[in-house]
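Beneath this line is the structure, given in structure tokens, with notes to follow.
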Amino acid sequence: MQTDKRLCLALWFPFLACERMRATMGTSSDRSLDGVAPEPLALVARVGSALRLAAVDRQAVEQGLAAGMTLADARARCPTLVTRPADPVADAQALDHLLEAMRHFTPMVALDAPNGLILDISGCSHLFGGPKALAQQARAIAGYASRHAFGPNAMAARALARHGGSGGDVAALPVAALELDDGGLAALRRAGLRSIGDLAQRPMGMIAARFGEQAVTRLRQILGEAPSPIAPRRPSAPIRAEARFPEPIARTEDVMDVIEDLLDQAARQMEARKLGGRRFVIRLLRSDGARQGLAIETGQPVRDPAAVLRLLRERIDTMADPLDPGFGFDAVLLAVPRVEPLAERQQAMDGEAQAAEEGIVALVDRLGIRLGPDNVRRLQPCDRHLPEGAQRLLPATQSRQQLWPTEEDRPPRPLLLFDPPQPVAVIAGVPDGPPQRFRWRDRLHEVRLAEGPERIAAEWWRRRAGHQPGGAGKTRDYYRIEDSDGRRYWMFRHGLFGEETEIRWYLHGLFA
């Protein structure tokens, strides 16, 4: 029996963090339709007392920027640099998604954090047309800009992907492929050692004495003289439970009792892993070979069998074709294909807030069963300055529980917002003062009380030249107004006196 030699594929995504951020911003790293390249992007993190670049995109690299540079130096070199806070957790999740996608090719997939993967494709590349075809398919599935390289071991493939060319000769790699600290790399260069081949010609004992054991270990791993194992992530065992019967059962209540027992088993599995289910699938196998299925989705992770059973009964009641046992069911299978973390929560002393939230979640789940999960929506807070963008409607199954800003964080907001804001004619005592009277819908209102202003600046980072006077965004000064009839309004002055040539007023909302 002939066995293939070991072959590893290294995938490197040098701009993973910035490309993920651009996707959340709704922009692309490619040139736009008008042929204008996007502005350079960098992710910023605080290191000590300084803000430094944690990641940069391709355009920033072309401007001479690099990770580790201080933000002040980066802005001096590139004034048009766009920055966002670094999110290592989201970047790690994106890399985890890529790892799961690579299981299509081989189960031997390991993380090469923070922006790489190692695949052991020994003996399986022929299934995808050869190593080169496999690598092209993997890069296409990933969807991020990437480089790849093959090697007889993980360290060689990694070094070639990150520091080498297309030749695949590890001897031609620079000594930077050893990824030593700055002091070690400087010592190698002072000694005149520029490549892995130059270093490999020296005795290992001399290298260890002058440059440390770490340099020897990594050198031998790249050359294949020392083992370079990978630690593939094992896929989690699926949450499943099943019941088979010596004699078929036909009563619906008996089937529901069996499903409840299976939900108890699944709940114990999820509790051990601190998980909760978002999707539950039931398969009913009839004695004549026919199969029937039930599936429900929940708005929040849950592992309470009683709650899931109630939703299953709701699903059965809404089915146009109820469960038909025929000559009976031989087996009942339960699977929980979609799970999310669900840790134990400390209940409040009164329990009222938690009970109210649980009641809302239960109501959303019941409405989703009857109307469809995409037809039940909830308002989700957004991290936006402008009031009209501070929330959005999402399907309840996709929304996440977040805290809404309170009156302690900002002044109160009206219950009704006009979209778009309605123009009003205002008479003010001084140009930058509150209104004394205003006309709205052909009616004149005398202002009795006014509170403000609450200044909300334009989101200049979302528009080009928006931070400049006369740019795409203008500053708003909001006032809470009460007229002589006791009605309360929320209006704003659009633009600043002295900077704008035309100042207008708009009515944005009505207080209850």
With a 4.0 Å cut-off, would you call [X] and [Y] a salt bridge?
{"X": "R448", "Y": "E446", "value": "no"}
{"X": "D432", "Y": "R493", "value": "no"}
{"X": "K474", "Y": "E502", "value": "no"}
{"X": "R488", "Y": "E482", "value": "no"}

*asked:* So if I apply the ring pair (Phe, Tyr, Trp, His ring centres under 6.0 Å) rule between W490 and each of F418, Y478, Y479, which one comes out positive?
replied: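 When ring pair (Phe, Tyr, Trp, His ring centres under 6.0 Å) is applied between W490 and each of F418, Y478, Y479, only Y478 qualifies.
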- prompt: Taking F438 as the fixed residue, which of Y489, F492, Y506, W505 is the one that meets the ring pair (Phe, Tyr, Trp, His ring centres under 6.0 Å) rule?
  reply: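 Testing each of Y489, F492, Y506, W505 against F438, the sole residue satisfying ring pair (Phe, Tyr, Trp, His ring centres under 6.0 Å) is Y489.
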Counting N and O atoms only, with roles assigned by atom type, does the side chain of [X] sit under 3.5 Å from a partner on the main chain of [Y], one being a donor and the other an acceptor?
{"X": "R77", "Y": "Q63", "result": "no"}
{"X": "T298", "Y": "G277", "result": "yes"}
{"X": "R303", "Y": "Q269", "result": "no"}
{"X": "R377", "Y": "R392", "result": "no"}

Worksheet item: Can you check salt bridge (Lys or Arg N to Asp or Glu O under 4.0 Å) on D483 and R443, steps first, answer last?
Response: CA-CA 12 Å; D483 65 6; R443 182 180 175 184; over 6 Å; no
Minimum heavy-atom distance between [X] and [Y], given as atom pair plus value:
{"X": "L43", "Y": "A17", "answer": "CD1-CB, 3.5 Å"}
{"X": "E340", "Y": "R338", "answer": "OE2-NH2, 3.8 Å"}
{"X": "R480", "Y": "P411", "answer": "NH1-CB, 3.3 Å"}

A quick test of your reading: do over 12 heavy atoms of other residues, nucleotides or ligands sit less than 6.0 Å from [atom1] of [X]?
{"X": "R103", "atom1": "CZ", "value": "yes"}
{"X": "R58", "atom1": "CZ", "value": "no"}
{"X": "R240", "atom1": "CZ", "value": "no"}

Item to check | Min side-chain heavy-atom separation I141-M102 under 4.5 Å | outcome: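 Yes, their side chains come closer than 4.5 Å.
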Next item on the list: Kindly indicate whether the side chain of R84, heavy atoms from C-beta on, has any atom under 4.5 Å from the side chain of T24.
Entry: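 R84 does not reach T24 side chain to side chain.
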Nearest 0.5 Å please: distance from the [atom1] atom of [X] over to the [atom2] atom of [Y].
{"X": "L178", "Y": "L185", "atom1": "CG", "atom2": "CG", "answer": "7.5 Å"}
{"X": "L507", "Y": "L417", "atom1": "CG", "atom2": "CG", "answer": "10.0 Å"}
{"X": "N115", "Y": "L16", "atom1": "CG", "atom2": "CG", "answer": "6.5 Å"}

